[in-house]
Amino acid sequence: LTVAAYLDHAAGSPIRRAAAEAYLEALAQAGNPSSVHRHGQAARRMLEEARERLAAVLDCDPPEVVLTSGGTESVNLAIAGAYRAAGPDRRALLVAEAEHAATVETVDALVAEGAEAVPLPVDDAARLDPAVLAAATACTRGRAALATFLWANNEVGTVNPVPELVAAADGVPVHVDAVAAFGAVPVGFRASGASLLSVSAHKVGGPPGIGALVVGRRARIAPLLHGGGQQRGLRSGTEPAAAALAFATAAEEAVADLAREAARLAALRDRALAGLLDGLPGTRLRGADPAAPGARLPGNLHVTVAGADGEELLLRLDAEGVSVSTGSACQAGVTAISTVLLAMGVPVAEARGALRITLGHTTTDADVDALLAALPSLRPLLAAA
Ligand SMILES: Cc1ncc(COP(=O)(O)O)c(C=O)c1O
């Protein structure tokens with residue numbers, strides 16, 4: 001089967017050509033950045049160049065960039081690291097609802113260790129209101145180790161008002177999961193005011209298996225990995241210099257092109273949405289209004305189809321060569337009802353019919369055409385429901 005249309009960029013974007021070329025060339029370099037000989041020094045130079053370029057794109061200082069294995073590790077290190085470094089008087093974790101599993105599961109594990117999770121409800125678009133965080137901050141004064149929320153929701157694409165939320169945290173250290181937002185909307189560490197910020201390479205057209213946690217100079221986190229003490233002791237393990245260079249290359253390209261690409265993807269997305277609303281009865285857009293400036297990721301389209309089962313729709317589209325997602329994770333081969341949609345107040349019956357269609361740097365009109373052409377094949381699934 002040749003895949004006619006890849007519309008699941010939120011799950012992972014194919015590597016950009018420039019990043020792949022930089023990666024391949026860099027992989028030929030022998031040497032561990034911690035070795036003192038000339039080969040080690042060359043690897044160190046490559047690593048530090050990558051860190052500087054990533055820092056420039058993320059608007060932080062190079063030593064603040066801690067390379068990890070990806071978004072999941074970054075989020076784990078941020079939340080568990082901040083909790084463990086905070087000391088026995090600060091056991092509360094202020095956690096937005098509608099978060100990614102990396103956050104939800106990390107917090108659950110810490111609760112089992114004695115943490116107190118303070119949930120922050122989101123609105124019907126999955127947006128976290130600064131007033132909600134301000135109220136939780138006031139209630140937990142002096143007891144909070146960390147507040148954590150998404151820059152943009154990975155399922156429904158809603159963008160949070162990050163600087164306003166950081167201000168509402170009123171001095172409580174903030175972690176922002178920017179994995180879905182980075183490369184799609186402007187993301188800057190310094191301007192955000194956050195203490196910690198997670199990003200992942202494979203979402204921006206870099207290689208899978210690498211990400212970063214920006215650890216601000218004043219942030220205190222305990223490491224999760226113990227070993228050679230690399231990266232200020234915060235993340236032991238030989239640094240992946242070649243992957244870091246490829247990540248930096250992809251991130252630079254994504255950010256350099258961001259405004260033009262956002263307009264291009266939004267136009268494609270809007271055409272796909274119009275086709276869905278027209279072609280599938282009972283289709284309803286979820287998440288923020290695409291017409292509201294900056295409120296939604298330009299490449300994100302998320303709908304529920306009344307009376308349908310999202311997984312059945314996905315499988316039928318797959319048979320037509322169109323790859324999309326239901327947005328929520330698979331557990332033992334069965335798609336679970338999206339906790340994001342439930343947090344937004346979507347009734348279970350409607351949440352069952354979720355489809356997430358996400359566009360990225362390789363998406364063209366032909367992909368949207370393939371999606372729209374496949375819609376009639378879904379209609380029997382609606383009638384049967
Ligand atoms: C918002 C968000 N956080 C964290 C992750 C985990 O990132 P990774 O797949 O790099 O581990 C993802 C990936 O889907 C995500 O969308």
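We count ligands from 1, going down the list as the structure has it; atoms in each ligand are counted the same way. Keep in mind that what you see is a predicted model, and the values were worked out from it rather than measured.
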Can you name the nearest heavy-atom pair linking R91 to G114, along with the distance?
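Here R91 and G114 meet closest at CB-O, 4.2 Å.
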Search all heavy atoms of I79 against all heavy atoms of L146 and return the closest pair with its distance.
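It is CA-CD2, 3.8 Å.
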Donor-acceptor check, side chain of [X] to backbone of [Y], threshold 3.5 angstrom: yes or no?
X    : Y    : result
N300 : I357 : no
D309 : R352 : no
S328 : A336 : yes
Q29  : A42  : no

Looking at [X], which atoms of ligand 1 are within less than 4.0 Å of one of its heavy atoms?
X    : result
L150 : 1 (C)
G70  : 10 (O)
N154 : 1 (C), 16 (O)

Cut-off 3.5 Å, no hydrogens considered: what does the side-chain donor-acceptor table look like for residues 172-180, sequence neighbours left out?
| unit_1 | atom_1 | unit_2 | atom_2 | d |
| --- | --- | --- | --- | --- |
| H175 | ND1 | T148 | OG1 | 2.9 |
| H175 | NE2 | S198 | OG | 2.7 |
| D177 | OD1 | V179 | N | 3.0 |

Looking only at distance, does A102 have an N or O less than 3.5 Å from an N or O of ligand 1?
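No, since none of the N or O atoms of A102 sits under 3.5 Å from an N or O of ligand 1.
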Is E73 in polar range of ligand 1, meaning some N or O pair under 3.5 Å apart?
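No; the residue has no nitrogen or oxygen that sits under 3.5 Å from a nitrogen or oxygen of the ligand.
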Can you report which non-hydrogen protein atom sits closest to [atom], along with the distance?
atom                    : result
atom 8 (P) of ligand 1  : G71 N, 3.5 Å
atom 10 (O) of ligand 1 : S200 OG, 2.6 Å
atom 6 (C) of ligand 1  : T72 OG1, 3.4 Å
atom 13 (C) of ligand 1 : K203 NZ, 2.9 Å
atom 1 (C) of ligand 1  : D177 OD2, 3.3 Å

Just verifying a value: how many Å separate E48 CD and R51 CZ, rounded to the nearest 0.5 Å?
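With rounding to 0.5 Å, CD (E48) is 4.5 Å from CZ (R51).
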Which is closest to atom 9 (O) of ligand 1 in terms of heavy atoms, H100, E155, E99, H202?
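Ranked by closest heavy atom to atom 9 (O) of ligand 1, first place is H202.
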